[in-house]
Protein chains: 2
Amino acid sequence: MPLTQEHKLRSRKKILDSALKLFIAHGFNNVSIDKIMQNVNMTRGAFYAHFSSKSELYKESILNAAFNTDLAQMKPENISEQEWIKKLLKGYLNSDHISLKSKPCPLAFLSTDVAVSKPEVRKAFTTTYINMNKTILNYTKTYSSCEEEQTLAITAMIIGGAAIARAINDEETRSKLLKSCRETSQKILDGA
Amino acid sequence: MPLTQEHKLRSRKKILDSALKLFIAHGFNNVSIDKIMQNVNMTRGAFYAHFSSKSELYKESILNAAFNTDLAQMKPENISEQEWIKKLLKGYLNSDHISLKSKPCPLAFLSTDVAVSKPEVRKAFTTTYINMNKTILNYTKTYSSCEEEQTLAITAMIIGGAAIARAINDEETRSKLLKSCRETSQKILDGA
DNA sequence: GTCTATAGAAAGATAGAC
DNA sequence: GTCTATCTTTCTATAGAC
């Protein structure tokens, strides 16, 4: 790969990571292209060498985020499917995730913005959501009678739980909510 | 009550309803004060006789919406608590609710916007969320061993389910998701 | 590929007339 | 209480130099 192209790809990746972080932290409309580019030490002009519009950036940053989540990584070989899912759930319904200290789930923190976005953005969100459920089902079906209905309900619960936990500003309610979602989702899986 | 004050209250209520509808349909930042006022046949100047800022309007429209939900109304005397909850769940996880044809739940359709809003807005959201759980628990505890943990998990599931259903643009996935949440939430309540 | 400069549009909030 | 007019800021996107 030529040096210039590799350089371009590195720039692109930096822009995508910066964009997602800012979109989640402040909302799509509250983040200007200027701020995103300043965050990676570039200027607004350079942006359009990578993306044709802010909306395209949004779509790409969602796909990039989905690719980076813990769930999208390979399961470590030394632990079981059941342990892996338990670990993932724990990491998801965790205050570090809610406060964006760990890799954020675009499904939990962007839903409102996505609902009013262009079709291409909603498509990226939809694909990410479907893949999340498929991946979880592939793990859970190896150790429980879990079917699609259960994974759809569980992902709704954990995505909803994370979204609410981030929106509310009462710490006691937040930790009760996260605990309830952790325990109830685990129960559904174990009992299924 | 003087005629002018009654008139003012009527105007205020119209603005609040218009605002909520538009905020949910297009997102907080995509709705200008101009559009909200045009929607009730008034101009931007009149807005500031009712609210000091767009953010205050947001807070008040969330509280107004919470007051108007089906859950906030009295249970009809001729049906049981269990039937009432079942009916409410059905109405919530319903395509009419997702497409905003029935009275929308601010918790499901505003979470991302609220998460990046001013403390007063998040406070209104938090109070609404806590009240939703209290109200549900008051009904469910009359017929099942349902406790706070179950209501927190169930509201996370239905709020999350509604939020995702609105964000995705695949009709088949949407109806599968809503059905799963309806059935699983019902099972948790009946089994609790 | 990245920069600076700028065009063009839109928004929140205020001032003053009626 | 509601109107019109305006100030001021901010944003997306483009143009052209290097």
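Letters A, B, ... are given to chains in the order of the sequence lines, protein chains preceding strands, and every chain is numbered from 1. It should be emphasised that the depicted structure is a prediction, and the values quoted were computed from it without experimental measurement.
- Atom C1' of nucleotide dT4(C) and atom CG of Asn41(A) are separated by 17 Å, given to the nearest angstrom.
- For dT6(C), its base sits under 3.5 Å from the side chain of Arg44(A) at one donor and acceptor pair at least.
- Rounded to a whole Å, the CE atom of Met37(B) is 17 Å from the C1' atom of dA5(D).
- Atom CD1 in Ile36(B) sits about 11 Å away from atom P in dA13(C), given to the nearest Å.
- Rounded to an integer number of Å, the gap from CD1 of Ile33(B) to C1' of dA13(C) is 7 Å.
- Distance alone, capped at 3.5 Å, places no donor-acceptor pair between the Lys54(B) side chain and the Tyr58(B) backbone.
- The Ser32(B) side chain lies nearest to dG12(C) when the options are dG12(C), dT12(D), dG1(D).
- Rounded to an integer number of Å, the gap from Asp34(A) CG to dT12(D) P is 8 Å.
- Rounded to whole Å, the distance from NE2 on His7(A) to C1' on dT2(C) is 9 Å.
- Checking the phosphate oxygens (OP1, OP2) of dT2(C), a side-chain nitrogen or oxygen of Ser11(A) falls inside 4.0 Å.
- Checking Gly45(A) against Asn29(A), the closest nucleotide of DNA chain D that is more toward the 5' end is the one next to Asn29(A).
- Note on Val31(A): only backbone sugar-phosphate atoms sit closer than 4.0 angstrom, heavy atoms only; bases stay farther off.
- Other residues, nucleotides and ligands contribute at most 12 non-hydrogen atoms within 6.0 Å of the CD atom of Glu172(B).
- For Ser53(B), counting side-chain heavy atoms from C-beta on, the closest listed nucleotide (dT2(C), dA13(C), dA13(D)) is dA13(C).
- Out of dA11(C), dA13(C), dT2(D), the shortest distance to the side chain of His50(B) is found at dT2(D).
- Taking the charged nitrogens against the carboxylate oxygens, Lys187(B) and Glu183(B) have no contact shorter than 4.0 Å, which rules out a salt bridge.
- Going from atom CD of Gln38(B) over to atom C1' of dA10(C) covers 13 Å, rounded to whole Å.
- The side chain of Met42(B) lies closest to dT2(D), out of dT2(D), dG12(C), dG1(C).
- Under a 4.0 Å N-O distance rule, the pair Glu6(B)/Arg10(B) qualifies as a salt bridge.
- For Lys21(B), the NZ atom is loosely surrounded, since the number of other residues' heavy atoms within 6.0 Å does not exceed 12.
- Going from atom CG of Leu57(B) over to atom P of dG12(C) covers 10 Å, rounded to whole Å.
- Using a 4.0 Å heavy-atom criterion, one finds that Phe47(A) contacts no nucleic acid atom at all.
- Across all strands shown, Thr43(B) has heavy atoms under 4.0 Å from base atoms, whether or not it also approaches the sugar-phosphate.
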